[in-house]
Amino acid sequence: MFGKRYAAAMINRSAENERDRRRFLHAAGMSGLGVVGAGALGALAVPAATAAPARQAPGGEISDAAVLNFALNLEYLEAEFYLYATTGNGLPDSLTGGTGTPGGVTGGKAVRFKTKAARQYAQEIAGDEKAHVAFLRTALGSAAVSRPAIDLQSSFTAAAQAAGLVKPGKRFDPFGSEENFLLAAFLFEDVGVTAYKGAAPLISNKTYLEAAAGILAVEAYHAANIRTALYAHRGGLLDLGLLGRDLAEAAGKLSNARDSLDGPADLDQGVTDGQGRANIVPADENGIAYSRSPGQVLNIVYLTTKAATSGGFFPKGVNGEVNTSATNG
């Protein structure tokens, strides 16, 4: 696909440290760049004496691998949610091992979709999220973190209570109905888009950056899909235990809850604007998607405004070096 000289120049230009370089070469050999021969690989290797420290890239900043592992934690969460919703089962064991503390999944079951469209949306997204997990694990190789403990049960109830969708003491079942599923998916999808956009400036390896941009684009498609489905369901009845009957209104409450966790900036929008018109694309005045820092993303998935290393959807925290939420309270 690529000549040796071109591939060597691309790798030299993009790889920022020896650890990331080795991982890229390993992944590239599995995806069509195997034309770079052993001699070329040897010439590209960084001598051990000059290699960057294992935990940091040049300049003392967090390595690209650490950023990708942060993203992998989020992909585990999304993949488990969608796979359970569509199949009743989560990721296979072959896609969950790695470094750090492994954990299981609490909650999750197949959703009884009432419309063919919503079921097919969910199935397509589930396939994409599973593929993202597999891709990131391949790119990271032996440095890939394992799936941490994930809570798909009490975490959603806590989020729904914080948003005012259910009264204190009442349970929210994200798999209990098609409408509940769409609201739960909305809670994830916009966060994924802002997470990848916020992480992009932290990635120095251009090959990794291109891959992250590709995942960002897919996550944006997913988010628009879910937001469109919620808007189309506006006026639809929710489960009797929920406060309010309009899905668009409920999505707005979840949006406000996310905003209350990630700091004072207004980084979130519901699926309708102030006049009740469709707001499928949550963008700023320049038509640009918002960004969240890794710490802000962890504020949302940990369900806290404080600096923490666990909580919410990750009751024992995420695996990897990027694991602490920001102080926003």
Side-chain angles (χ1 to χ4, degrees), residues 20 23-24 26-28 30-31 64-108 110 121-152 155 174 184-185 187-197 199-200 203 205 207-223 225-226 294 297-298 301 312-323:
D20 288 343
R23 288 185 192 122
F24 168 72
H26 175 73
M30 300 172 65
S31 59
D64 289 350
V67 177
L68 294 187
N69 265 322
F70 169 71
L72 178 56
N73 282 281
L74 302 179
E75 295 295 348
Y76 281 137
L77 176 59
E78 289 190 303
E80 294 290 4
F81 169 71
Y82 283 107
L83 286 171
Y84 270 104
T86 55
T87 70
N89 295 291
L91 287 165
D93 291 343
S94 60
L95 290 179
T96 64
T99 64
T101 304
V105 179
T106 302
Y121 293 160
Q123 289 170 338
E124 181 178 9
I125 296 175
D128 290 339
E129 301 299 355
K130 182 179 179 181
H132 290 169
V133 168
F135 173 79
L136 289 173
R137 287 174 57 85
T138 297
L140 287 159
S142 61
V145 296
S146 61
R147 180 194 63 199
I150 291 175
D151 184 341
L152 297 177
S155 55
L187 186 63
F188 284 152
E189 287 301 341
D190 283 5
V191 178
V193 174
T194 57
Y196 273 100
K197 184 170 180 290
I203 301 175
N205 181 309
T207 303
Y208 289 162
L209 180 59
E210 181 183 14
I215 297 177
L216 167 59
V218 172
E219 296 293 351
Y221 281 125
H222 292 171
N225 196 323
I226 296 299
V297 172
L298 290 174
V301 296
F313 294 94
F314 295 103
K316 296 185 179 180
V318 298
N319 285 320
E321 298 169 44
V322 183
N323 55 32

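Just the heavy atoms: all of them, side chains too, but no hydrogens, waters or symmetry mates, feed the values below.
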message: Could you go through D151 and F314, starting from their C-alpha distance and side-chain angles, then the distance that decides it, and tell me whether this counts as side-chain contact (heavy atoms from CB on, under 4.5 Å)?
response: CA-CA 6 Å; D151 184 341; F314 295 103; over 6 Å; no
message: To the closest 0.5 Å, what do you measure between NZ (K197) and OG1 (T194)?
response: 9.5 Å
field: Minimum-distance pair of heavy atoms, taken over all atoms of A199 and V67
entry: CB-CG1, 3.9 Å
Least distance between heavy atoms, A66 atom then V322 atom: O-CG2, 4.0 Å
statement: In short, G317 meets P148 closest at the heavy-atom pair O-CB, 3.4 Å
statement: So CG of N323 and CG of N73: to nearest 0.5 Å the spacing works out to 9.0 Å
message: Measuring from atom CG of D64 to atom OH of Y208, what distance do you get when rounded to the nearest 0.5 angstrom?
response: 7.0 Å
task: Please round to the nearest 0.5 Å and tell me the distance separating atom CZ of F188 and atom CG of L77.
output: 4.0 Å
query: Closest heavy-atom contact between A185 and I226?
result: CB-CD1, 3.9 Å
message: Quick check on side-chain contact (heavy atoms from CB on, under 4.5 Å): which of N69, T96, L95 does R137 satisfy it with?
response: L95
message: Is there a side-chain contact between L72 and L140 in this structure, where contact means two heavy atoms from C-beta onward sitting under 4.5 Å apart?
response: yes
Heavy atoms of other groups near Q123 CD, more than 12 under 6.0 Å: yes
task: Go through the steps to decide whether V297 and F70 satisfy the test side-chain contact (heavy atoms from CB on, under 4.5 Å), and finish with yes or no.
output: CA-CA 10 Å; V297 172; F70 169 71; 3.9 Å; yes
Side chains of residues 212-222: which donor-acceptor partners sit under 3.5 Å, not counting sequence neighbours?
{"unit_1": "E219", "atom_1": "OE2", "unit_2": "H132", "atom_2": "ND1", "d": "3.4"}
{"unit_1": "H222", "atom_1": "ND1", "unit_2": "E129", "atom_2": "OE2", "d": "3.2"}
{"unit_1": "H222", "atom_1": "NE2", "unit_2": "D128", "atom_2": "OD2", "d": "2.8"}

message: Under the criterion side-chain contact (heavy atoms from CB on, under 4.5 Å), I'd like the reasoning laid out for L152 against V105: C-alpha separation, chi angles, the key distance, then a yes or no.
response: CA-CA 7 Å; L152 297 177; V105 179; 3.7 Å; yes
task: Could you tell me the separation between the CG atom of N225 and the CD1 atom of I125, rounded to the nearest 0.5 Å?
output: 5.0 Å
- prompt: Can N319 and S146 be counted as having a side-chain donor-acceptor contact under 3.5 angstrom?
  reply: yes
Could you tabulate the donor-acceptor pairs under 3.5 Å formed by side-chain atoms of residues 79-94, not counting sequence neighbours?
{"unit_1": "E80", "atom_1": "OE1", "unit_2": "L91", "atom_2": "N", "d": "3.1"}
{"unit_1": "E80", "atom_1": "OE2", "unit_2": "R147", "atom_2": "NH1", "d": "2.8"}
{"unit_1": "Y82", "atom_1": "OH", "unit_2": "E189", "atom_2": "OE2", "d": "2.6"}
{"unit_1": "T86", "atom_1": "OG1", "unit_2": "Y82", "atom_2": "O", "d": "2.8"}
{"unit_1": "T86", "atom_1": "OG1", "unit_2": "L83", "atom_2": "O", "d": "3.4"}
{"unit_1": "T87", "atom_1": "OG1", "unit_2": "L83", "atom_2": "O", "d": "2.6"}
{"unit_1": "T87", "atom_1": "OG1", "unit_2": "N89", "atom_2": "N", "d": "3.1"}
{"unit_1": "T87", "atom_1": "OG1", "unit_2": "N89", "atom_2": "O", "d": "2.9"}

